[in-house]
Amino acid sequence: MKNREIAALFDEIADILELRGENVFRVNAYRRAAQNIEGLTRAIEDVADEDRLDELPGIGKDLAGKIAEYLESGEIDYLNDLRKETPRVLLDMLRIPGIGPKTAVRLHAELAIDSLEELKQAALDHQIQKLPKMKAKTEENILKGLEFLSRASARTPIGVALPLAQRIVGALAQLGEVDRISIAGSLRRFRETIGDIDILVTSSAPERVIRHFTHLDDAARILAEGSTKGSIVTREKIQADLRVVEEASYGSALNYFTGSKEHNIRLREIAIQEGMKLSEYGVFRAGGGARKKPRAGKKAPKEVRIAGRTEEEVYRVLGLPYIPPELREDSGEIEAALAGTLPALVELKDIRGDLHCHSNFSDGAATLKEIAASGKKKGYSYILITDHSQSLHIAGGLSPERLRKQLGEIDSINATLRGFKLLRGSEVDILPDGSLDMSEELLKRLDVVYIAIHSKFKMDRGAMTKRVVRAMENPYANVLAHPTGRLLGMRDAFDIDMQEVIRAAARTGTAIEINAHPARLDLDAAACRAAAAAGVMIGIGTDTHVLSELDYMIYGLGTARRGWLTAANILNTRTARQLVSLLQRKRRT
DNA sequence: GCCGTTTTCGGCCCGACTGTTTTCAGTCG
């Protein structure tokens, strides 16, 4: 799937055009095209094969040609020419916060700066403040920006950011002065990594709330402390912003600060079409019934706020149903909302059990009894025990004898329980040749068979895909666990053709896991959506090794929701009996 | 460069903040 590559190339073209001072709308056309391609749920190669590239939103004849050219030759001539004429340092400088195209061009042209090292030196030598409209502050900001660039670039995993944000919200919510409070930003949209934490409140005493925020135990450094906004760096080195807004604007502000930017742009366009204006302060209609933006020179009529208190209200006056935050990526949710076909996203209350849990038989910490007690306490009706199979020595993989013993123990525990049961499973290794690390005699005795890759990650794409497809063709293989093996920020996904895997899953009746561990979130949301569209069932499992990790379910759920999944798409919204019967259909055919 | 129950030409999202300037350009989200 070359969607991401092509999106990156179009973004690069946009950057270069902007540096050259081209028409901003042309620049935006490339950016929007990039965004749309990246958000596509199918491989752009497939769209090209059907000769339907120009039916994609934001893609016309010209861009369709450039995509086709890239798919054919691996290059875009136009971009090659642009690159030849554009000094590399200009693109490098754009990555520095605070430097945009205008400044980058000036620094290069007027100070002959050819690298980020030279830029740093120029700032340290105070060469920059010799230029008109640049002063000491400019140099200071450039140095800060450079430092940020070298240090940061890494976004924070949601598994770190969400507990921190919830802790801050909890502390602020206790204040008498805080009325409404919510997490906003990419965290509210459940992105797998986030840039900074955004929190929104209404309050009768904004300064006091902001002061409290900037002096929290979690605050390591104060970046700003004004009358409507406070900003800190936490001890985890994550930036957190607090904004205080008016009660009457809370909904529109929450919508605005939740984003995504692309979603917000679409909403504003709809507002304009309907003769309204949307901003973080509300939805406004021009007074006097004027339905068009006033021409330059004419005086604007008085504007009246017609919504803003709640997000629901904002969507309603725009003629849309409420769109859940996880869908707000401009990846089709606006069209679905207009057509009345938004999915009823799966919710936590729909989840009846956990499908991925390790006990102390392998590398987990808890006993089977403890797992059962925790699962029952969470209100689940089952947990699938998925300890490792024999080959995975490093994780205490179970020998056939140990597995038989475990199955016996599960049965006797179940005999003592009411309204809850442990399901007999295993996370069986997929061996390098695609066979399973367990005898048929044992596979037969399991309720649900998870299969997973834990060895030989570095196979080439073709071989890896074949390996996994062969494993899925095994009639006892029920759920493919963490299909790409990625560990966010630590290990890349292994090279595998996910489209092919999804097709094979659909064909063989094998489900695919969303591994809910926040370091994995694998499948990711986009692949999830593609899998569900192909009719593949999705199981959400926490990959629990210590009991507190059973709470990771929310991350898997967030990913599922970002992937447009409903309860019907998810295995563990079924009862244990339905689940097992559904999966074992494969054995009978 | 894209797009059209207003348009095949003339539009294309909104506001705040910053740093530099005395009215605004550039950048950001």
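Residue numbers start from 1 in every chain, and the chains themselves are labelled A, B, ... in the order their sequence lines are given, proteins ahead of strands. Atoms considered below: every heavy atom in the structure, side chains included; atoms not considered: hydrogens, waters and symmetry mates. Because the structure is a prediction, the values reported are computed rather than measured.
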Rounded to the Å, how far apart are [X] [atom1] and [N] [atom2]?
| X | N | atom1 | atom2 | result |
| --- | --- | --- | --- | --- |
| Leu53(A) | dC2(B) | CG | P | 12 Å |
| Leu131(A) | dG19(B) | CG | C1' | 15 Å |
| Lys229(A) | dT18(B) | NZ | P | 7 Å |
| Glu269(A) | dC14(B) | CD | C1' | 12 Å |
| Gln273(A) | dT6(B) | CD | P | 9 Å |
| Glu139(A) | dT18(B) | CD | C1' | 16 Å |
| Leu278(A) | dG29(B) | CG | P | 19 Å |
| Asn28(A) | dC2(B) | CG | P | 13 Å |

Select one nucleotide: of [options], the one nearest the side-chain heavy atoms of [X].
| X | options | value |
| --- | --- | --- |
| Thr103(A) | dG29(B), dT20(B), dG26(B) | dG26(B) |
| Tyr30(A) | dT20(B), dG1(B), dC17(B) | dG1(B) |
| Lys133(A) | dA16(B), dT20(B), dG19(B) | dT20(B) |
| Phe25(A) | dG1(B), dG19(B), dC14(B) | dG1(B) |
| Ala29(A) | dG15(B), dC2(B), dT18(B) | dC2(B) |
| Glu280(A) | dG15(B), dG29(B), dC2(B) | dG15(B) |
| Thr228(A) | dC17(B), dG15(B), dT20(B) | dC17(B) |
| Arg26(A) | dC28(B), dG19(B), dG1(B) | dG1(B) |

At 4.0 Å (heavy atoms only), tell me whether [X] reaches a base, stays on the sugar-phosphate, or touches nothing.
| X | result |
| --- | --- |
| Ile99(A) | sugar-phosphate |
| Pro132(A) | nothing |
| Ile96(A) | sugar-phosphate |
| Leu63(A) | sugar-phosphate |

Using only atom types and a distance under 3.5 Å, with no angle test, would you say the side chain of Glu313(A) pairs donor to acceptor with the backbone of Gly308(A)?
yes
Donor-acceptor pair, distance only, cut-off 3.5 Å: does the side chain of Asn515(A) make one with the backbone of His517(A)?
yes
What interatomic distance, in whole Å, is found between [atom1] of [M] and the corresponding atom of [N]?
| N | M | atom1 | result |
| --- | --- | --- | --- |
| dT22(B) | dG29(B) | C1' | 28 Å |
| dC2(B) | dT8(B) | C1' | 12 Å |
| dC17(B) | dT23(B) | C1' | 16 Å |
| dT21(B) | dG26(B) | C1' | 13 Å |
| dG15(B) | dG10(B) | P | 26 Å |
| dA16(B) | dG11(B) | P | 25 Å |
| dT20(B) | dA25(B) | C1' | 9 Å |
| dC14(B) | dC9(B) | P | 25 Å |

Paired nucleotide for dT8(B) [Watson-Crick or G-U wobble; both distances under 3.5 Å]:
none
Decide, yes or no, whether a salt bridge links Glu192(A) with Arg486(A) under the criterion of side-chain N to carboxylate O below 4.0 Å.
yes
Validate the cation-pi geometry between Arg243(A) and Tyr250(A): distance from NZ or CZ to the six-membered ring centre under 6.0 Å, angle to the ring axis within 45°.
no
In terms of the nearest nucleotide of DNA chain B, which residue is placed more toward the 5' end: Ser279(A) or Gly98(A)?
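It is Ser279(A) whose nearest nucleotide is closer to the 5' end.
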Identify the heavy atoms of Glu139(A) and Ala122(A) that sit nearest to each other, and give their distance.
OE2-O, 4.2 Å
So, for Phe10(A) and Ala34(A), which heavy atoms are closest and what is the spacing to 0.1 Å?
CB-CB, 3.9 Å
How long is the straight-line distance from CG of Asp522(A) back to OG1 of Thr559(A), given to the nearest 0.5 Å?
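If we round to the nearest 0.5 Å, Thr559(A):OG1 and Asp522(A):CG are 10.0 Å apart.
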Do Tyr281(A) and dG15(B) share a donor-acceptor pair, side chain to base, under 3.5 Å?
no
Has Asn23(A) got a side-chain N or O lying under 4.0 Å from the OP1 or OP2 atom of dG1(B)?
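False: Asn23(A) side-chain N/O out of range (4.0 Å or more) of dG1(B) OP1/OP2.
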Lys261(A) vs dC14(B): side-chain N/O to OP1/OP2 distance below 4.0 Å:
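So the side-chain polar atoms of Lys261(A) never come under 4.0 Å of the phosphate oxygens OP1 or OP2 of dC14(B).
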